[in-house]
J.: 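I'd like to ask you about the structure that follows.
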Amino acid sequence: MQVYIRILEHLWPFRRQFFMSVACAIVVSFLWAMNLSVAFPVIKVLFQNDSLHAHVDATITDCETSIANENASLKKLQPGQVELQARIQQRLSTASHSLMLTTWTRDRIMPFVPRDKFDTMVMIIGILLFATVMKDLFIYVEELLVGSVVQLTVNSIRQACFRSALRLDYQSVNRIGTAQLMARMTNDIEQMTGTIRIFGITMIREPLKMIFCTAFAFVINWRLTLLTVTIVPVLGYILHRFGKKLRDASHRTMQSMSHIYTCISETFHSSKIVIAFSGYRRHRKQFLKANRAYYNASMKIVRVGAVVRPITEILATVAIFAAMFPGAYLVLRETNELWGIQLSNHPMKIEELGTLYAMLLGTMDPLRKLSGIFSVIKRGMAGSERVFELIDERSIIPEPKTPHMMVRHESAVTLQNVSFRYEGAEGGEAQRPLALKSVSLEIKFGEVVAVVGGNGSGKSTLVSLLPRFIDPAEGSVLIDGVDIREFRTLDLRRQIGLVTQETMLFNDSIYENIRYGSSEATQEQIEEAARQAHALPFISALPDGMETIVGEKGGKLSGGQRQRIALARAIVRDPSILILDEATSAVDSAGEEIIHRVLKQFSKGRTVFIISHVLNRTFLDLVSRIIVMDQGRIVSTGTHEELLESCACYRALQLSHMPMKDAA
Ligand code: ADP
Ligand code: MG
């Protein structure tokens, strides 16, 4: 139910079109029921060889006679026969009512009806044709309206989905994964689209048809119609049971579709390794497994869906017979009672029974159609649930309620007893070890600190705290004495320039990649940044220079070139805190030394964190302090000379990472 309301919220802005389409649906359904009611005159003329004029006149005479009879019986009543009197009066009122209606028909409609029977038939067919054309015209308009409302609504939902995913924090995005995000924003939304369209058309039109036909049937004989309507709760119960099964199966198909997406994205993302190591078999197997799971879940839907329609059809037929059997009895025995139960006001006539049959068919046919789309609807609902689940996903990095004004950082970055633990494997409760254990640290504004340590010692985790990719589980991070959780993340991140080892470029020009995040930068500033990052030499060697398109993820450039562009991007931002996480790992050593020298200039008036494995002379010249990490702890801090003296851990690193020429 919740899902319907959520969809309605997105549909609401387009309500005018939607209500117009509903109006069209009302006209369509009415015309449809009317076309069916033509059965009455057709039977009359064709089967009973009776002209409609004669029929109307006969009905009027009948009514007049019965009114006269009832009046006579009223007069003959003994005082005290109240019950009988009431019954007679009721019959009298029915007869007068029917007399009024027939007289009106005789005076207003019959003058237009030809007296010749063949001409009458021609007229009926003409009306039928006209009504059908009108109906289809309205169907056309309705479908156009619904189509546009559906597309607009789905667009709005897709937009909300993307917006919500963008607002998520880094950890959540990683947990959900790109493939899952793609699956929800494409496949699941597609399932939902189908359903909303069906909702807009079938789910509105068919029930309306049912209502009109049932109303007509009620007018003809409400008692018999009631017999038919008893099927509705039975059918409702059955559909409810099947609906649950369908929903579960639909969720499973969509999960398997996500797995297919994951499989594709993983395989082709690492296509170089797949090809080099001939990993085809493994990926083929993985894909086969995902594909088979999808097939199984889909077949479950097919099976349940296939069962729903026949069941509905059988029930509907039984329901119609429930009315037709007693109806036929009334007609053939020329009575109005069965087993002493009154079933009609007067003995039923064949044309009434025929029209009732047509009307009941008209009620059951929409039901059949609705049951046919049942599984599509359930599937779409499951899709919608998954889509709204993503829209409702909230960042685990909360924004402050009353944010602290952030001025440019100017005094210190402080870590107070910070501990942090990554979440366990998906769904698993297994506790990972702490990635940071009670880390305390104070870095004065303007310092250039190197963070060194073995793989997995927690260096990247440490610097991830600053832009709030993660929040500490315990302790706090302060900038200029204020807990960074009190700043708006936007303001906080505005202060930070970040270059990571896995540099991410967008499939755009080099120029736009450098400008990313500093849209106000001028051409000169961008070129200056490229020069400082030692990127200008290779950029000017490219035929298109700054306008070169770098390819997906920067794939047309070498690793070192990518890193230099990423560095330029951080430089243009003019950050007060610069974080370089193995940012020059792929740059050649000559280039790296040039970058180190440039950074020495650039780091004036900024606090800089550099994670590096290469402890060469230009690097040591650049940094003012070195922090040594091991297994999530800071084991020592100091200058190169101090650490060589005091820290065994640092000496070990120094030996293993020092380039040969420096070690010598
Ligand atoms: P490094 O010093 O090499 O940069 P990291 O800070 O990246 O080390 O990692 C520290 C520890 O945290 C490692 O043991 C690693 O296994 C773990 N870790 C890092 N990133 C994640 C993650 N996204 N999920 C779970 N564990 C992680
Ligand atoms: Mg790292």
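We count ligands from 1, going down the list as the structure has it; atoms in each ligand are counted the same way. We count residues from 1, following the sequence as given.
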J.: Return a yes/no value for Arg432: is any of its N or O atoms, backbone included, closer than 3.5 angstrom to an N or O of ligand 1?
T.: yes
J.: Excluding sequence neighbours, so at least two apart, what forms side-chain hydrogen bond (donor to acceptor under 3.5 Å, both in side chains) with Gln525?
T.: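 Gln525: side-chain hydrogen bond (donor to acceptor under 3.5 Å, both in side chains) contacts with Thr522.
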J.: Side chain or backbone of Ser460 under 4.0 Å from ligand 1, or both, or neither, by non-hydrogen atoms?
T.: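 Ser460 to ligand 1: contacts from backbone and side chain alike.
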J.: Would you say the rings of Tyr294 and His259 are close, in the sense that their centroids are separated by under 6.0 Å?
T.: no
J.: Minimum heavy-atom separation for Val413 to Ile577, with atom names?
T.: CG2-CD1, 4.2 Å
J.: At a cut-off of 2.8 Å, what protein N/O/S atoms sit near the Mg ion (ligand 2)?
T.: Ser460 OG
J.: Quick one: nearest non-hydrogen protein atom to atom 2 (O) of ligand 1, plus distance?
T.: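 Its nearest protein heavy-atom neighbour is Lys459 N, 2.9 Å.
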J.: In terms of residue, atom name and distance, what is the protein heavy atom nearest to atom 3 (O) of ligand 1?
T.: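 Protein heavy atom at minimum distance: Gly456 N, 2.8 Å.
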J.: Please list, in number order, the atoms of ligand 1 under 4.0 Å from a heavy atom of Thr461.
T.: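 Here the atoms of ligand 1 in question are 5 (P), 6 (O), 9 (O), 10 (C).
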J.: Using the side chain to side chain donor-acceptor pair (under 3.5 Å) rule, pick out the option among Glu502, Glu592, Gln563, His613 that qualifies with Ser585.
T.: Gln563
J.: Have Gln495 and Arg573 got a donor and an acceptor in their side chains that come within less than 3.5 Å?
T.: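 No, because no side-chain N or O of Gln495 sits under 3.5 Å from a partner of the opposite role on Arg573.
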J.: Can you tell me how the ring of Phe487 sits relative to the ring of His404, calling it parallel under 30°, perpendicular over 60° and tilted otherwise?
T.: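 Correct class here is perpendicular.
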J.: Please determine whether any non-hydrogen atom of Ser457 lies less than 4.0 Å from an atom of ligand 1.
T.: yes
J.: Look at atom 7 (O) of ligand 1 and say whether a protein heavy atom is found at less than 4.0 angstrom from it.
T.: yes
J.: On the 0 to 90° scale, with breaks at 30° and 60°, tag the Tyr170-Phe469 ring pair as parallel, tilted or perpendicular.
T.: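 The rings of Tyr170 and Phe469 sit tilted, inter-plane angle from 30° to 60°.
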J.: Can you tell me how the ring of Phe619 sits relative to the ring of His596, calling it parallel under 30°, perpendicular over 60° and tilted otherwise?
T.: tilted
J.: For Leu505, run the side chain to side chain contact (heavy atoms under 4.5 Å, CB included) check against Arg569, Glu512, Lys553 and tell me which one passes.
T.: Arg569
J.: Should you measure from each heavy atom of Asn455, which atoms of ligand 1 turn up under 4.0 Å away?
T.: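 Every atom of ligand 1 under 4.0 Å from some heavy atom of Asn455: 3 (O).
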J.: Cation-pi check, Arg515 to Tyr511: give yes when NZ or CZ is under 6.0 Å from the six-membered ring centre and within 45° of the ring axis, no otherwise.
T.: no
J.: Has ligand 1 got any nitrogen or oxygen that is less than 3.5 angstrom from a nitrogen or oxygen of Ala435?
T.: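 So ligand 1 has no N or O lying under 3.5 Å from an N or O of Ala435.
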J.: What's the spacing between Asn616 CG and Ser589 OG if we round to 0.5 Å?
T.: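 Reported value, rounded in 0.5 Å steps: 8.0 Å.
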J.: Considering all protein heavy atoms, does one lie under 4.0 Å from atom 15 (C) of ligand 1?
T.: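 Flag for atom 15 (C) of ligand 1 set to false, no protein heavy atom closer than 4.0 Å.
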J.: Can you tell me the protein heavy atom closest to atom 27 (C) of ligand 1 and the distance?
T.: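 Going by distance alone, atom 27 (C) of ligand 1 is nearest to Tyr422 CD1, 3.2 Å.
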